[in-house]
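The structure appears below as structure tokens.
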Amino acid sequence: MRVRFAPSPTGYLHIGGLRTALYNYLLARRHGGVFVLRIEDTDQTRFVADAEQDILAMMAWAGITYDEGPGAGGEYGPYRQSERSDRYAEIADALVASGHAYLAFDDNESLDAMRNRHRSESNPNPRYDHTTREEMRNSLTMDGEAVSQLLDAGTPYVVRLLVKPGKTVAFTDAVRGEVRFESDTVDDQVLMKSDGLPTYHLANIVDDHDMAITHVIRGEEWLPSTPKHVLLYEAMGWEVPTMAHLPLILSPTGGKLSKRNAEKQGIPVSVSQYVDAGYEPEALVNFLALLGWNPGDEQEVFSLGELVDAFAMERVGQSGVQFDLQKLNWFNEQWLRSKPEAELARRLLPVANERFGCEDEKYLAQAIGMMKERMTMAADVLDAEYLFEAPTDYDEKAVAKRWKEKSSETLAAFAGALADLETWTEDGLEEALKSFIAAKEIGMGALMFPLRMALSGVGGGPSLYSLMVLIGADVTQTRIQRAIERINV
RNA sequence: GCCGCGUUCGUCUAGGGGUUUAGGACGCCGCCCUUUCACGGCGGUAACACGGGUUCAAAUCCCGUACGCGGUACCA
């Protein structure tokens with residue numbers, strides 16, 4: 001089995017592109033096959049200089065490795081279409097020679113004119129096909145001599161696929177079963193552009209054949225052009241690979257997950273935006289894997305390796321799937337909790353240092369340990385400022401509601417008790433606190449709430465025992481004094 | 001318009017003729033746990049697009065309709 005991911009460097013790697021890459025990768029690894037990365041850079045006008053680099057970087061971030069491709073080598077290279085031009089020209093010539101394709105000299109104006117001529121309410125998008133090609137300037141309508149003259153004069157031309165009407169083009173899609181198209185509805189696709197570069201359709205089938213690709217796994221947007229590809233394979237006498245068209249990822253409201261549409265709804269479309277937002281790669285991969293595929297049992301959290309073991313094309317769905325950021329966030333929480341604090345601390349230290357001057361990785365790791373179950377994103381720990389510095393203000397609503405007349409007095413007394421405490425540990429603190437409230441004959445809340453306010457300034461958060469251990473005895477004392485001075489009832 | 005693909009809780013989905021009072025997950029709501037907030041546990045909310053047919057029996061098979069999505073470029 002040989003599969004490929006064939007992105008076009010016309011923009012940064014799209015979230016849908018990453019899923020396509022992932023499914024290809026999973027299938028290859030599952031079956032001990034080869035995963036090829038091929039860069040389809042045949043559109044000069046839309047070329048984006050650093051797009052290829054972004055694609056490579058994002059795949060690496062996600063842990064999706066490939067066996068052949070730019071930077072990985074392989075016997076079927078080069079893996080950039082811009083470096084394979086001669087081969088496409090050769091095939092285009094062969095297609096023309098065998099009568100499966102022809103030369104067309106029409107410029108944009110005459111193309112527009114033809115479309116305007118035929119445009120009507122019942123035919124809003126006239127095609128260059130068996131119904132119109134006879135009106136045009138091409139090697140079918142002109143004699144050989146006229147064609148030679150144009151060629152000699154250097155007239156620009158394209159090569160078009162000659163699609164004969166009255167045929168049924170059928171293929172079996174691994175996701176959808178048998179799909180059939182009538183050739184009457186297929187247009188004479190341009191195979192070679194006038195700039196001498198191939199279109200996707202030509203380059204794709206030539207490369208898939210030359211690179212011995214056995215399974216073509218791509219987005220559903222390609223389904224309508226598959227008959228053209230089948231026709232091309234047949235014209236060359238090549239075997240048609242197994243086709244699999246993945247359901248499209250839709251925006252949360254059901255429309256296309258286009259850049260504009262999605263970002264309006266707060267859904268990033270570039271993988272790099274997820275990286276920048278701080279998502280765990282495992283979470284994005286996990287989420288994407290389940291977007292259009294399911295294992296058939298109730299497991300939801302999968303590592304990449306587990307996905308490899310569980311993945312099966314038969315369990316890929318057929319209908320479009322809506323992107324749900326909340327579910328992605330849930331996966332991020334799951335993965336975050338499974339990561340060692342030390343690892344997260346190492347990652348977050350630079351930001352913690354910048355924001356709070358925190359240079360102590362161990363301290364940060366300890367703070368993360370306390371906050372882990374409250375975080376959606378790793379950086380959320382830094383939003384709990386009180387972990388790093390004294391609160392500058394105290395939640396007014398909570399204070400108004402729960403700060404009593406005696407709170408200051410209680411706190412002051414407790415501060416005194418803490419000053420005598422010898423074992424500054426969670427257990428020691430808990431013991432001290434309990435004996436304090438017992439002696440004072442007050443409820444737990446009468447001390448806990450003021451203490452929490454004094455130490456954190458907010459009503460919710462991690463265990464106070466662990467917080468006090470984290471910030472230490474001195475800081476605890478300072479914060480208590482500060483609160484007594486500042487919170488007046 | 002035409003061509004193609006699709007349609008089970010708000011979302012991702014299981015189920016593929018009787019096992020179904022249609023299961024799970026996210027979200028939302030409630031209860032429990034708890035110093036708080038979370039986590040966790042328990043419970044609740046909520047779906048077979050519609051109409052015909054086939055069949056003893058249909059969410060499941062067939063046809064139609066509706067709706068959604070994709071395609072309809074010298075873009076991929």
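In what follows, every chain begins at residue 1, and chains take the letters A, B, ... in the order their sequences are listed. Values below: all heavy atoms of this structure, side chains included; hydrogens, waters and symmetry mates excluded. Quick caveat, the model's predicted, so the values are computed rather than measured.
Nucleotides B:A47 and B:G15 place their C1' atoms 13 Å apart, quoted to the nearest Å. Spacing of P atoms, B:U7 relative to B:U13, comes out at 10 Å, to the nearest Å. Between the C1' atoms of B:G71 and B:G64, the separation comes to 24 Å (whole Å). Across the C1' atoms, B:G17 and B:A66 are found 26 Å apart, a figure rounded to whole Å. Across the C1' atoms, B:C74 and B:C62 are found 44 Å apart, a figure rounded to whole Å. As rounded to the nearest Å, B:A58 and B:C63 have C1' atoms that lie 15 Å from one another. Look at the C1' atom in both B:G18 and B:G52: the space between them is 23 Å, to the nearest Å. With P as the reference atom, B:G23 and B:A46 are 12 Å apart, rounded to whole Å.
Using a 3.5 Å distance cut-off with no hydrogens or angles, the side chains of A:His130 and A:Ser183 do not pair a donor with an acceptor. A donor-acceptor pair shorter than 3.5 Å cannot be found between the side chains of A:Asn123 and A:Ser120. In this structure, a donor-acceptor pair under 3.5 Å is absent between the side chains of A:Tyr200 and A:Asp43. Side-chain polar atoms of A:Asp106 and A:Tyr157 form no donor-acceptor pair below 3.5 angstrom.
Figure legend: cation-pi geometry between A:Arg38 and A:Phe5 absent, as NZ or CZ is not positioned both under 6.0 Å from the six-membered ring centre and within 45° of its axis.
Checked against B:C74, B:G4, B:C12, the side chain of A:Val190 finds its nearest nucleotide in B:C74. Nearest nucleotide to the side chain of A:Arg115, out of B:A25, B:C74, B:C12: B:C74. Distances were taken from every side-chain heavy atom of A:Tyr200 (C-beta onward) to each of B:G4, B:A76, B:C74; the shortest belongs to B:A76. In this structure, the nucleotide among B:A38, B:A25, B:C69 sitting nearest to the side chain of A:Arg374 is B:A38. For A:Asn294, taking side-chain heavy atoms from C-beta onward, the closest of the listed nucleotides B:C69, B:G71, B:A14 is B:A14. Of the listed nucleotides (B:C5, B:G70, B:C39), B:C39 has the atom at the smallest distance from the side chain of A:Arg337. The side chain of A:Asp43 has B:C75 as its nearest neighbour among B:C75, B:G6, B:G27. Each of B:C74, B:G4, B:G1 was ranked by its minimum atom distance to the side chain of A:Asn108; first place goes to B:C74. Taking only side-chain atoms of A:Phe181, from C-beta outward, the nucleotide of B:U11, B:G4, B:A73 with the closest atom is B:G4. Side-chain proximity of A:Lys327 to B:G71, B:C12, B:G4: nearest is B:C12.
In this structure, A:Asp129 places its CG atom 15 Å from C1' of B:G71, rounding to the nearest Å. In this structure, A:Phe287 places its CZ atom 13 Å from C1' of B:G27, rounding to the nearest Å. One can place CD of A:Gln44 at 16 Å from P of B:C74, the figure rounded to the nearest angstrom. In this structure, A:Asp184 atom CG and B:C3 atom C1' are separated by 11 Å, rounded to whole Å. With rounding to whole Å, A:Gln318 atom CD is found 15 Å from B:G70 atom C1'. In this structure, the CG atom of A:Leu288 is 19 Å from the P atom of B:U11, given to the nearest Å. Straight-line distance from the CG atom of A:Leu223 to the P atom of B:C3: 15 Å, rounded to whole Å. If you measure from atom CE of A:Met192 to atom P of B:A73, you get 21 Å, rounded to the nearest angstrom.
Under the Watson-Crick or G-U wobble criterion, with both distances below 3.5 Å, B:C74 is left unpaired in every strand shown. B:A25 is paired with B:U11 under the Watson-Crick or G-U wobble criterion, all donor-acceptor distances under 3.5 Å. Using Watson-Crick or G-U wobble geometry with both donor-acceptor distances under 3.5 Å, B:G64 finds its partner in B:C50. In this structure, B:A58 forms no base pair with any nucleotide, since neither Watson-Crick nor G-U wobble geometry is met with both distances under 3.5 Å. B:C42: Watson-Crick or G-U partner is B:G30, with both key distances under 3.5 Å.
No salt bridge links A:Arg133 with A:Glu135; every basic N to acidic carboxylate O contact stays at or beyond 4.0 Å. A:Asp188 has no carboxylate O lying under 4.0 Å from a charged side-chain N of A:Arg127, or vice versa, which leaves the two without a salt bridge. With respect to the salt-bridge test (charged N to carboxylate O, under 4.0 angstrom), the residues A:Asp380 and A:Arg374 do not qualify.
Residue contacts shown for A:Leu290 are limited to sugar-phosphate atoms, with no base heavy atom under 4.0 Å away. Nucleic acid contact class of A:Lys372 (heavy atoms, under 4.0 Å, all strands): none. Residue-level contact check: A:Val458 touches neither bases nor backbone, having no heavy atom under 4.0 Å from any strand. Note on A:Gly254: only backbone sugar-phosphate atoms sit closer than 4.0 angstrom, heavy atoms only; bases stay farther off. Across all strands, A:Gly292 comes closer than 4.0 Å only to sugar-phosphate atoms, never to a base (heavy-atom distances). Across all strands shown, A:Val321 has heavy atoms under 4.0 Å from sugar-phosphate atoms exclusively, and none from any base. If you check every strand for non-hydrogen atoms under 4.0 Å, A:Asp106 touches a base.
When the side-chain nitrogen and oxygen atoms of A:Gln326 are compared with OP1 and OP2 of B:C26, none of them lie within a distance under 4.0 Å. Note on A:Arg315: every side-chain N or O is 4.0 Å or more away from OP1 and OP2 of B:G16. Residue A:Lys193 has a polar side-chain atom (N or O) positioned under 4.0 Å from OP1 or OP2 of B:C75. When the side-chain nitrogen and oxygen atoms of A:Arg452 are compared with OP1 and OP2 of B:C37, none of them lie within a distance under 4.0 Å. The phosphate of B:A76 has OP1 or OP2 within less than 4.0 Å of a side-chain N or O from A:Thr42.
Comparing A:Glu221 and A:Leu111, the nucleotide of RNA chain B nearest to each residue sits closer to the 5' end for A:Glu221. Sequence order on RNA chain B of the closest nucleotides to A:Thr45 and A:Asp324 puts A:Asp324 first from the 5' end.
The structure places OG1 of A:Thr410 at 13.5 Å from CE of A:Met448, a figure rounded to the nearest 0.5 Å.
Between the side chain of A:Arg46 and the base of B:C75, a donor-acceptor pair under 3.5 Å is found. You'll find a donor-acceptor pair under 3.5 Å spanning the side chain of A:Ser194 and the base of B:C74, going by distance alone.
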